[in-house]
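Data first, discussion second: the structure below is written as structure tokens.
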Number of protein chains: 2
Amino acid sequence: MDAENTKPVTRIQREKHELILEAALDVFSQYGFRGSTIDQIADAAGMSKPNLLYYFKSKEDIHAPLLARILDTWLEPLRALDQNGDPLPELQSYIRRKLEMSRDFPRESRLFANEMLRGAPGFSDVLHTDLKDLVDEKARVIEKWMAQGRIARCDARHLIFSIWATTQHYADFDIQVRAVLGKERGGETRFEDAARFLDQLFLHGLTPKK
Amino acid sequence: MDAENTKPVTRIQREKHELILEAALDVFSQYGFRGSTIDQIADAAGMSKPNLLYYFKSKEDIHAPLLARILDTWLEPLRALDQNGDPLPELQSYIRRKLEMSRDFPRESRLFANEMLRGAPGFSDVLHTDLKDLVDEKARVIEKWMAQGRIARCDARHLIFSIWATTQHYADFDIQVRAVLGKERGGETRFEDAARFLDQLFLHGLTPKK
DNA sequence: CTGGAATTTTTCCAATCGGTCAAAAAATTT
DNA sequence: AAATTTTTTGACCGATTGGAAAAATTCCAG
């Protein structure tokens, strides 16, 4: 009955499953679902298309587990936001962790972005439940901090949006960021520079300390 | 010789050109270049594929003018950043104008995002010249303001990135934003809420005024 | 080292892809 | 209204798409 949940059992199955998902992440994150072809993925995985289809019976079946895996990973830093910690350091470390994810998992970020651009088909239910619930919960935590005067009063949800946006930008718009910074400005320090900048932005904004 | 630059002359040509580009923007902004089909665009434009190809001789020829038109529009607010104005109001109005563009031209924003996710093929030259030059120029303006103590010291380029990221987020991740805010929280005020929040973020950050 | 299971390759398919072409139909000019 | 130009259609093309089937091969336990 649960034919789709049959997990790999043999050594080869485990290896190839992982190999294919790795290759698929490369391809899907660049071209999106419709723009990617099974042949492309098979090539990237170094195998023939029918061979790939022996492990995943359809294009959807390769894409779905990638998405499922990601949302969880992606929200982990937000889950770690601790209501018992100090507000500013908590948010600071949330921002830093999200930025590190953009640095270390840019393909995952782009896959997610591709899905959002398409309007998140067959994914919007998760957005309205799991995601919304988590954001609601953490927004309440942040609002409590505001009520206690430990943090400036602002819209907690838009604060979360701005953290997502600024950090994911470095993965999703990597090409643009590199182009603008140029090589002479040492594009390899861009994540440290970004971390410093975001720290200041979220802590103090642009008002000069007189 | 300049066969590709033959501009529409008749009334019908002008109308259909615009109609097709409008439809193509809908499709390309959702599925990206590779994920979109000429048939889809023709359907959206209410005409047959061969008829569409009478006006644009290839898929590329529909896509290219859309992209060309956008980068210019997109950077106009940054161009308007006036070095003779007051720093904080200048930046504030830059942010507001960018946010308004996300509200009024979300498809253009998504088309651009799609192109970036793909690595901006056949576009990266513009990024390294026009875009970089403009950002360099405006970064110098901002750095001058910092040197004069009229604005907090920070990385001017990453400041620009953060403005791009936070504002475009409301167009590119619209689905997610709506899902998180939910209808009960009046998703139709999200742009006003965002404007208020971004004003505060960039002006004062999160440090509470004691 | 062999028999059965797991894996891979070869061949194939119908649908869709981007695009062409000639003829039909409108629109415009004379 | 006739002649001409512009626009639209339908039929079609080779290449690519997602995927099926079955034969050929490799793997591994007894």
Side-chain angles (χ1 to χ4, degrees), chain A residues 3-67 114-115 118 121-122, chain B residues 3-67 114-115 118 121-122:
Chain A
E4 22 192 327
N5 266 354
T6 41
K7 287 291 164 189
V9 269
T10 74
R11 172 189 55 101
I12 293 184
Q13 273 174 2
R14 265 187 302 272
E15 289 173 3
K16 299 276 162 129
H17 260 259
E18 206 44 53
L19 183 70
I20 291 169
L21 288 176
E22 177 69 15
L25 182 55
D26 261 347
V27 177
F28 281 137
S29 65
Q30 264 190 65
Y31 300 104
F33 182 74
R34 289 214 36 185
S36 304
T37 72
I38 299 184
D39 281 291
Q40 261 181 301
I41 299 171
D43 274 359
M47 63 177 68
S48 69
K49 176 170 61 174
N51 193 185
L52 183 147
L53 284 167
Y54 167 73
Y55 293 101
F56 294 88
K57 63 182 176 218
S58 76
K59 196 178 168 184
E60 258 298 328
D61 282 354
I62 317 173
H63 194 247
L66 284 174
L67 271 187
N114 256 307
E115 205 58 16
R118 275 201 303 158
Chain B
E4 22 193 324
N5 265 354
T6 42
K7 287 289 164 192
V9 270
T10 73
R11 170 187 55 96
I12 294 183
Q13 273 173 2
R14 264 188 302 272
E15 289 174 3
K16 299 277 160 126
H17 260 259
E18 207 44 52
L19 183 70
I20 291 169
L21 288 176
E22 178 69 16
L25 182 56
D26 261 347
V27 177
F28 280 138
S29 65
Q30 266 190 63
Y31 301 103
F33 182 74
R34 289 214 36 186
S36 303
T37 71
I38 300 184
D39 282 290
Q40 261 181 300
I41 299 171
D43 275 359
M47 64 176 68
S48 68
K49 177 170 61 172
N51 194 186
L52 182 148
L53 285 166
Y54 167 73
Y55 293 101
F56 293 88
K57 64 183 176 216
S58 76
K59 195 178 169 183
E60 259 297 328
D61 283 355
I62 318 173
H63 193 246
L66 284 175
L67 271 186
N114 257 307
E115 205 58 17
R118 276 201 304 157

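Chain naming here is simple, since letters A, B, ... match the order of the sequence lines and numbering starts at 1 in each. Just the heavy atoms: all of them, side chains too, but no hydrogens, waters or symmetry mates, feed the values below.
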Next item on the list: Respond yes when some side-chain nitrogen or oxygen of B/Q13 is under 4.0 Å from OP1 or OP2 of D/dT6, and no when none is.
Entry: no
Check: To the nearest 0.5 Å, how far apart are NZ in A/K59 and CG in A/L53?
Finding: 11.5 Å
Checklist line | Interface limits on DNA chain C, where chain B has a heavy atom under 4.0 Å of a nucleotide atom | finding: C/dC17 to C/dT28
Check: Tell me, do B/M47 and B/Y54 make a side-chain contact under 4.5 Å, heavy atoms counted?
Finding: no
Next item on the list: Could you pull out all residues at least two apart from A/Q40 that satisfy side chain to side chain donor-acceptor pair (under 3.5 Å)?
Entry: B/R34
Next item on the list: To the nearest 0.5 angstrom, please state how far the OG atom of B/S58 sits from the CD1 atom of B/I38.
Entry: 7.5 Å
Enumerate the protein-to-nucleotides 26-29 of chain D contacts in which both atoms are nitrogen or oxygen and the separation is below 3.5 Å.
| unit_1 | atom_1 | unit_2 | atom_2 | d |
| --- | --- | --- | --- | --- |
| D/dC28 | OP1 | A/R11 | NH2 | 2.8 |

Notebook entry, point to check: Is the closest side-chain heavy-atom distance between B/L52 and B/I62 below 4.5 Å?
Noted result: yes
Next item on the list: Kindly indicate whether the side chain of B/Y31, heavy atoms from C-beta on, has any atom under 4.5 Å from the side chain of B/N114.
Entry: no
Note to self: Below the 4.0 Å mark, does D/dG18 have OP1 or OP2 next to a side-chain nitrogen or oxygen of A/K57?
What the structure shows: no
Note to self: Heavy atoms within less than 4.0 Å of DNA chain D: which residues of residues 32-41 of chain A have one? Give them sorted by number.
What the structure shows: A/S36, A/T37, A/I38, A/D39
Next item on the list: Give the rounded distance in Å between these two atoms: CD1 of B/I20 and P of D/dT7.
Entry: 11 Å
Next item on the list: Measure the shortest side-chain to side-chain distance between B/D43 and B/K49 over non-hydrogen atoms and say whether it is less than 4.5 angstrom.
Entry: no
Next item on the list: Measure the spacing between CD of B/E115 and CZ of B/F28 and express it to the nearest 0.5 Å.
Entry: 9.5 Å
Notebook entry, point to check: Counting only non-hydrogen atoms, which of residues 45-54 of chain B are less than 4.0 Å from DNA chain C?
Noted result: B/K49, B/P50, B/L53
Next item on the list: Using whole Å, report how far NZ of B/K59 lies from P of D/dA15.
Entry: 18 Å
Next item on the list: Look up atom NZ in B/K16 and atom CD in B/Q13, then write down how far apart they are to the nearest 0.5 Å.
Entry: 11.0 Å
Next item on the list: Answer yes or no: is there a side-chain heavy-atom contact under 4.5 Å between B/F33 and B/E60?
Entry: yes
Checklist line | Distance-minimising heavy-atom pair for B/L66 and B/L21 | finding: CD2-O, 3.8 Å
Note to self: Going by the rule side chain to side chain donor-acceptor pair (under 3.5 Å), which residues pair with B/E22 if we only count those two or more places apart in sequence or in a different chain?
What the structure shows: B/R107
Item checked: Non-hydrogen side-chain atoms of A/H17 and A/R14 separated by less than 4.5 Å -> no
